[in-house]
Amino acid sequence: MTVVLRVEHLVKSFGGVRAVDDVGFTVGAGERVALIGPNGAGKTTVFNMLNGQLRPDHGSIQIDGVEVRGRRPRAIWRRGVGRTFQITATLPSMTVAENVQMVLLSFHRRLFDIWRPAAPRYRDQALALLDRVGMADQADRASATLAYGDLKRLELAVALASRPRLLLMDEPTAGMAPRERAELMNLTAALVAESGVAVLFTEHDMDIVFGHASRIIVMNQGTIIASGQPADIRADAEVQAVYLGSGAMFAPRPGGAA
Amino acid sequence: MSGDSPLLTVEHLNARYGRARILTDIDLAVDPGQVLAVIGRNGAGKSTIFKSIMGLVADRWGRVTFAGIDIAARGPAPIARLGLGYVPEDRRIFKDLTVMENLAVGRRPARPGLPCWTPERLFTLFPNLAEMRHRPGGRMSGGEQQMLTIARTLMGNPRLVMLDEPSEGLAPRIVEMMALAILELKREGLAVMLSEQNLHFAALVSDRAVVIEKGQVRFHGAMAALVDDAAVRQTYLMV
Amino acid sequence: MGFYVAQFLGGLAQASSLFIVASGLSIIFGVTRIVNFAHGTFYMVGAFVAYSIADRVAGAWGFWGGIATAALVAGGIGVALERLLLRRLYQSPALFQLLATFGVVLVGQDAVLAIWGPEDRLGPRAPGLAGRVHLLGQAIPHYDLFLIVLGPVVLGLLWLLFHRTRWGVLVRAATEDREMTAALGVDESRLFTTVLFLGALLAGLAGAIQLPREAVTLHMDVAVVVEAFVVVVVGGMGSVTGAFLAALLIGQLQAFGILLVPRITVVLAFLVMAIVLAIRPYGLLGRVPALPRGTADAVEPPLRPASPGLIAVALALTLVLAALPVFAGDYVLALASETLIMVLFAASLQFIMGPGGMMSFGHAAYFGLGAYGAGLVVKHFGATMVTGLVAAPLLAGLAALVFGWFCVRLSGVYLAMLTLAFAQIAWSVMFEWTAVTGGDNGILGVWPASWAATAAPFYELCLGLSIAALLLLRRIVFAPFGYAVRAGRDSPLRCEAIGIDVQRFQWLAFVIAGVLAGLAGGLFAYAKGSVFPTYLDVPVSVDGLVMVLLGGVQSLVGPIVGAVVFHGLETQLVRLTDYWRLVVGVIIILLVLAFPQGIAGALGGRLRSGRSGTGEAGR
């Protein structure tokens, strides 16, 4: 398995408090790694450093062996990092297809054209991708009018349109009903299998984490306290103490755990 | 107020944002001391029910009675002063204000026959907050903010608290603490209405449940019936 | 040495007054999220009331009593303004609020003119503080020392008020989230009224205490509000302490700047603002503003190509307009030319406001600089009209290139304020740089070339250029560039995550708008035969806004409708009455009250509701 994302000795402080303290891990092609931990553990800070919204104080972030630490979000995107947002961020004044076309226009550096109409450009490619996420029949709807679950699928298509090497998903299933959650993660799994993209996601729904992650990293107070297979994480006494609790808030061990 | 009449009654509540109809003829009731769970997926209209009751949706109509008073046409401030507490989904802590100042904003006079909340009493319910009295709300973690937003609403000494998605985005351990806190409130005699995606959580704290889909009530009954009945769950909750 | 100390102390005294007026503006903005253009009106009324009382009642009672009364009167006007107008606008888009308060400014100017007349007034010295102390050989007025103390005292009192009283904590809570504050049982309408009282009182006080230091005039309202904006924006909107620091900075700058560049100290203040904002986009002590709640503008539906019907109508209209000289006289043609120029101006503004989502309160800068571009090459090089019409968009575009670079770093009200500031810089340069621009006397004799000297060919020129520009804008909006600009407005977060450099697209859009506004200004110079600094002044920017809002911000056809309606209306009014400001002000206020979401928005909503019934966010 090739390593896509390699993080080493990552450090970030806010006003003297170390929010992220010497964090290192890797994510390989085709892996779906869950980053979990208590609120305020530093997950979001790690995420924001990976996608370029925050500048790390120290450490290294490599995508396919290329150092991207401290680069701007759009530069990191160009290096092959796609992302979905916890609160969906689409372009509401555009249609579903146009949302995907924008990614392709940007990717092929065609946005400075002030003359030729944009509507037909890369439309076929966009439709093919929308078909993959089951949104082709809604291609010409205004994205502002989509149902919540469909917005999430559009976000997935938008994130994958530039053929990223790494996909960052910030609480991908937040606000969804249980079955929708599972469906979205199954779709993600299928797309990952096809494209070999590496996935790193945060999530508070333990049913999703234990059912859909191939590996789990647990953070607490800025450091990684555990990392491994779902079954091991579930049994880890420290993880239970700081994060999982008694286990009353998620399903008991699913039959034949992943 | 007599013990058996509902504290909050909602009849034929409708709401609209722009031209989009969000709620259609919602009926529900909460008895004193009862916990009602409003269940449904995102976009079903759960938050809009809370906001409409609270007077935060401009375009709404229907009957809403709280403690025997018609509140359908009132604004949020008078409704809150009648003893209806609202904890929004996104917490909406005053980030520039300290914990104590946040609590001060919520402070209202005591109500006879109901628990009177002081900061000190709230710190026993949420011990984490006691250690950060003078910390600005913006420098607290998500779990701490969730505790503060509930504590802030309790400072108004409400008869009923509406909690919109109290477990969303919280670590399982914090969700457990929330569940215990809600059960504690119930023991104190407060009525609670909460919206939830997490069925484990809802089942643990609620007496009754309402299932909302596309802005309409699809199920109204005992929480136990919802949990035990696989067919009902399958139909309404897609579990 | 002593001279510099005296300058320094004078700067401190100036800073105190500036701080007091700015703190009121900042407090009002903090809670209501309304940028109150009428704040200068409170200040002016305060000064006039204090003058009248000191004029009638002699001695200390008249002077100090006058100041106290003036502050209370201004506070009362603030209360009335909140109760009658602002209260109805809290859910409206920011631009409407700004426009409504500008309507109040216009009404206030004519009201003060009617009550006090047009003469400038000089106030008395402060009883008991009329003397001077001698320091290092310089005479320092006692009154200045009093002001130097007053500023920090007011700051201290405000701090205590906001941190040590329940009212203050509630105000700070409402500043962050007024809906949540109400949901906790706080009577927000009373809170808002008291905040307006305090803010207006501070403005009235600041105006009144200036009595011994400067003349009371009818123009002090806009002058002071623009200066107060600069202070508030530099300090960080909503931050009283920030306003204090900014006032100190700008007070000193003016005190010493006057030694270096005697005529354009105001430019220095704006320069400081531009620098501060480029480094700290939300001011010295400001923070990234939270998105306002419950005021989301309706989401624009996706672009659709023009229907065959619309194309047919446009073609027919073009033919009719082209044939206008056949059956219309010179006066109608001149009016039609001017209207076409206004259409072009409004369309350029709509381009950055609609697709670009950038609120500009200073678009007059590019219109006026366009006019000066043409005027200056005529005046200094005797250039032909073609050269003039090339120089016009060039100068405007150059200015847009420089100003836009700063502006696109901000958004929302901050952006609007910065555009206004740049427009004021451009205005003061044109006004003060008499040697080159002729100053207040303007540039005369900017006449069209002989082939366009009569009404008909000049009209055809305006028609041709306007239509070409409108088609170009439409083409751009439908091209990838236009999509990218709209994407930047829709979601900067998403854009950054799909490799779109939002600021660069906004910057270029800003320049395109500037170029086209400059072309409009150039044509306007030739239409009028002259160029004056008033072309860059606030009222012209407001005209542009009203035209765009009248037509609907998101409608590509809107600016045409808006410009035709508004320009026609205004032209008639100015001919009919001396109090046209009052009438225009009242019309603006009524429009905003009647159609809080815009006229075209209201109509468009009704038209669209017949079609797709799917939900649209916002109200």
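Just so we're on the same page: letters track the sequence lines, and every chain starts at 1.
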More than 12 heavy atoms of other residues, nucleotides or ligands under 6.0 Å from CZ of Phe25(A): is that the case? yes
Which atoms of Asn99(A) are under 4.5 Å from chain C, going by heavy atoms: the side chain, the backbone, both sets, or neither? neither
For residues Met102(A) and Ile498(C), report the shortest heavy-atom separation together with the two atoms involved. CB-CD1, 4.3 Å
Looking at Ile500(C), Asp501(C), Leu303(C), which has the largest count of heavy-atom pairs under 4.5 Å with chain A? Asp501(C)
Name the region of Gln101(A), side chain, backbone, both or neither, that has any atom closer than 4.5 Å to a heavy atom of chain C. neither
Using heavy-atom distances under 4.5 Å, tell me whether Asn51(A) contacts chain C through its side chain, its backbone, both, or neither. neither
Where is the tightest heavy-atom contact between Trp115(A) and Arg475(C), given as atom of each residue plus distance? O-NE, 2.8 Å
Do you know which of Arg494(C), Arg486(C), Arg489(C) has the most heavy-atom pairs with chain A at a distance under 4.5 angstrom? Arg494(C)
With rounding to the nearest 0.5 Å, note down the distance linking CZ in Phe505(C) to CG in Leu111(A). 4.5 Å
Please rank Arg109(A), Arg72(A), Gln53(A) by heavy-atom pairs under 4.5 Å with chain C and give me the top one. Arg72(A)
Among Ser106(A), Ser143(A), Ala159(A), residue most engaged with chain C (heavy-atom pairs, under 4.5 Å): Ser106(A)
Closest approach of Trp77(A) and Gly499(C), non-hydrogen atoms and distance? CE3-CA, 3.4 Å
Looking only at heavy atoms, which two atoms of Ala118(A) and Pro480(C) are closest? And how far apart? CB-N, 3.5 Å
Taking every heavy-atom pair that is under 4.5 Å apart, which of Leu105(A), Thr95(A), Ile114(A) has the most such pairs with chain C? Ile114(A)
So, for Ser491(C) and Leu91(A), which heavy atoms are closest and what is the spacing to 0.1 Å? CB-CD2, 4.0 Å
Less than 4.5 Å to any heavy atom of chain A: does that hold for the side chain of Arg304(C), its backbone, both, or neither? side chain
Atom OG1 of Thr90(A) and atom CG of Leu493(C): how far apart are they, to the nearest 0.5 Å? 11.0 Å
Answer with side chain, backbone, both or neither: which region of Arg121(A) has an atom nearer than 4.5 Å to a non-hydrogen atom of chain C? side chain
Specify the closest pair of heavy atoms between Asp490(C) and Ser93(A), including all atoms of both residues, with the distance to one decimal. OD2-OG, 2.8 Å
Part of Ile512(C) lying under 4.5 Å from any heavy atom of chain A: neither
When heavy-atom pairs shorter than 4.5 Å are enumerated against chain C, which of Pro92(A), Gly52(A), Gly82(A) gives the highest number? Pro92(A)
Under 3.5 Å, sequence neighbours excluded: what are the donor-acceptor pairs made by side chains of residues 190-200 of chain A?
{"from": "Glu194(A)", "atom 1": "OE1", "to": "Arg132(A)", "atom 2": "NE", "distance (Å)": "3.3"}
{"from": "Glu194(A)", "atom 1": "OE2", "to": "Arg132(A)", "atom 2": "NE", "distance (Å)": "2.9"}
{"from": "Glu194(A)", "atom 1": "OE2", "to": "Arg132(A)", "atom 2": "NH2", "distance (Å)": "2.4"}
{"from": "Ser195(A)", "atom 1": "OG", "to": "Leu191(A)", "atom 2": "O", "distance (Å)": "2.9"}
{"from": "Ser195(A)", "atom 1": "OG", "to": "Val197(A)", "atom 2": "N", "distance (Å)": "3.4"}

